[in-house]
Number of protein chains: 2
Amino acid sequence: MDEDLPPPIDSPSDAPGRLGEFVSLSSRERSALAGLLEPVQHWPRHHVLRHEAAEPAHLYLLTHGWVASSIALASGKQQIVKVHLPGDLLGAPSLCFTTTVDCLTAMTPIAVHAISRSRLIATFEAFPRIALSLFLSAQKERVALMESLAVVGQAPAHVRIAATLTNLFDRLSERGDAPGGMFHMPLTQRDLGDLIGITPVHVNRTLREMDRLHLIKRSDQTISLLDVDRLRRIAGLPIRRYVFGSNRIASV
Amino acid sequence: MDEDLPPPIDSPSDAPGRLGEFVSLSSRERSALAGLLEPVQHWPRHHVLRHEAAEPAHLYLLTHGWVASSIALASGKQQIVKVHLPGDLLGAPSLCFTTTVDCLTAMTPIAVHAISRSRLIATFEAFPRIALSLFLSAQKERVALMESLAVVGQAPAHVRIAATLTNLFDRLSERGDAPGGMFHMPLTQRDLGDLIGITPVHVNRTLREMDRLHLIKRSDQTISLLDVDRLRRIAGLPIRRYVFGSNRIASV
DNA sequence: CGGAGTTTTGAGGCTATTCAAAGGTCGTGG
DNA sequence: CCACGACCTTTGAATAGCCTCAAAACTCCG
């Protein structure tokens, strides 16, 4: 099985990906979104898509691979604030600032479509339902950050790891990329540390302990969640249901 | 004492407050926003405006006082993810979920206008520029959370406190509520702890140490930042400039 | 005046950090 | 094909920062 290679999003109707997740868009709206996408670009692992404190001229739609969004502190440490997966829109938080807020780094080989900031804003004004959809997606990202903050602020290392792994599992599962709790895990232990606010050394000891408890199994760059339910209970976060399906905001 | 009570926002043109911060709205748009506001409600300190896991039928525009948005973990601990000040829109993160994400608690006596969720969404579709404006505000909130996460994840206690105090100072200063670095500080040391992920005992020792170093001075429920520049350097976060003024997105 | 919540202080313990180094993996170039 | 370097993982030992428990002093409010 091609379990760690999600199908690239190529056809125009799929192109907007998660951009219309909360609002069912008309075909006119979907093609307006697809029209924003510049030709696909491919980049290798470790490529910096956009530095911190740069000119925020573009956003990116990630169609393949993983991208970390990170913030550097004066102390020299950095926090990864989000690991982006395929379908995610990158760079939106910098939209209201004169200079980019986060650094976007490829954690795997990636494929992205650039999106012009000014054209996106023009599309907002022409297509209010697209604006509504992206607004709701932004709120969803806010909630993800709120939960990360809660876990990093209040929980010990093994809980932070459990929360991170179940979160990745859930998001990968939406595209069928984590069958049987197993998925490709390109983050190094240092990356994981930067993500959850823990030293790589301590990440190692904690992972090793979770391994010993048969919560996870690691091999190569692959991880298996052996007991997702128990990991969720350890993480201590509620399962959230999106406004979707029947509640999804219908087409006009 | 009335000296630290900011003037309430009452006239219809002011009512939208920060809702139009990034887009200059027409008077028609402004009155559409003002029309969303239900009559003002007043609540005492410690009142829970909206519990976690409740029905998300309303948002709130805060016009007076401080409100904490918090998330509870299974461990019994809670994280305050944001301290809202007058002009802030409360409850938006829950918009795309079937159940509310955060708990909204008054930290002072407050005044709020409820906003119907469904009417807000209808307004989005009718007024694309309002949608754009609220979208940008949501991105700004996202950045605030990203910075909180970075500080809580990577910095020791005194840095977290410096970042929190300068952030409050900056936001209060926009409305002239922190003259000379002095402002009313209704958060208890326990609240501060819940906000930055530190035990109240350790918050106390750290505040006391910062007091000794002449960085801050505390009395009553009031705090003075004696050296804002040094506090900013300790916090280690860049000063961000908003897309505003000449860059502000003009009226059609 | 009593009671509840907040601030302050002390002592001891635990989690996570720092520093250091060895062993492993992988890609690259000789 | 092997040797090398770069990076990652693993392990150990000592330490620092923060937590827990506990209790006293203080403030505020009824």
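Lettering follows sequence order; numbering is per chain, from 1. Below, each value reflects all heavy atoms present in this structure, side chains not excepted, and no hydrogens, waters or symmetry copies.
Screening residues 144-170 of chain B for salt bridge (Lys or Arg N to Asp or Glu O under 4.0 Å) gives B:E147-B:R240, B:D170-B:R232 as the qualifying pairs, with residues at least two apart or on separate chains. For residues 72-90 of chain B, the set of pairs meeting the salt bridge (Lys or Arg N to Asp or Glu O under 4.0 Å) definition, not counting sequence neighbours, comprises B:R18-B:D88, B:K82-B:E141, B:D88-B:R171. Pairs passing the salt bridge (Lys or Arg N to Asp or Glu O under 4.0 Å) check and including a residue from residues 204-214 of chain B, sequence neighbours excluded, read B:E209-B:R212, B:D211-B:R218.
Although no hydrogens or angles enter the test, the distance criterion places a donor-acceptor pair under 3.5 Å between the side chain of A:H184 and the main chain of A:Q221. Proximity of a side-chain donor or acceptor of B:S224 to a complementary backbone N or O of B:G181 within less than 3.5 Å is not detected.
Within a 6.0 Å radius of CZ in B:R190, other residues, nucleotides and ligands contribute 12 heavy atoms or fewer.
The heavy-atom pair separating B:V143 from A:P93 by the smallest distance is CG2-O, 3.3 Å. Taking every heavy atom of both residues into account, B:H58 and B:A114 meet most closely at ND1-CB, 4.2 Å.
The closest side-chain donor-acceptor pair between B:N167 and B:T164, if any, does not fall under 3.5 angstrom.
Each end of the helix from C:dC1-D:dG30 to C:dG30-D:dC1 gets its own axis from five base pairs, and the two axes differ in direction by 40°, given to 10 degrees.
Residues passing the ring pair (Phe, Tyr, Trp, His ring centres under 6.0 Å) test with A:H51: none are found, sequence neighbours excluded. Scored by the side chain to side chain contact (heavy atoms under 4.5 Å, CB included) test, A:H42 finds A:V40, A:A111 as partners (sequence neighbours excluded). Looking at residues two or more places apart in sequence or on another chain, you find no salt bridge (charged side-chain N to carboxylate O under 4.0 Å, His left out) involving A:R241.
For the segment residues 146-168 of chain A, the set of residues with a heavy atom within less than 4.0 Å of an atom of DNA chain C comprises A:P156, A:A157, in numerical order. A heavy atom lying under 4.0 Å from DNA chain D marks none of the residues of residues 72-84 of chain A.
The interatomic distance linking A:E209 (CD) with D:dT11 (C1') rounds to 15 Å, in whole Å. In this structure, CZ of A:R212 is placed 12 Å from P of D:dT11, rounded to the nearest angstrom. Rounded to whole Å, atom P of D:dA16 lies 14 Å from atom NE2 of B:H202. Straight-line distance from the CD1 atom of B:I198 to the C1' atom of C:dT15: 13 Å, rounded to whole Å. As rounded to whole Å, 11 Å separates atom P of C:dT17 from atom CG of A:D194.
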What pairs of donor and acceptor atoms, side-chain ones from residues 66-74 of chain B against any protein atom, are under 3.5 angstrom apart with sequence neighbours left out?
residue : atom : partner : partner atom : Å
B:S69   : OG   : B:D102  : OD2          : 2.7
B:S70   : OG   : B:Q78   : OE1          : 3.3

Sugar-phosphate or base contact per nucleotide [nucleotides 25-30 of chain D; S, B, -; heavy atom under 4.0 Å]: ---S--
Could you encode protein contacts along nucleotides 6-11 of chain C as a string, one character per nucleotide from 5' to 3', using B for base contact, S for sugar-phosphate-only contact and - for no contact, with a heavy-atom cut-off of under 4.0 Å? SSBBBB
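None of B:V151, B:I80, B:V152 except one satisfies the side chain to side chain contact (heavy atoms under 4.5 Å, CB included) rule with A:L149; the exception is B:V152.
Considering CG of A:L165 and CE of A:M210, their distance stands at 6.0 Å, rounded to 0.5 Å.
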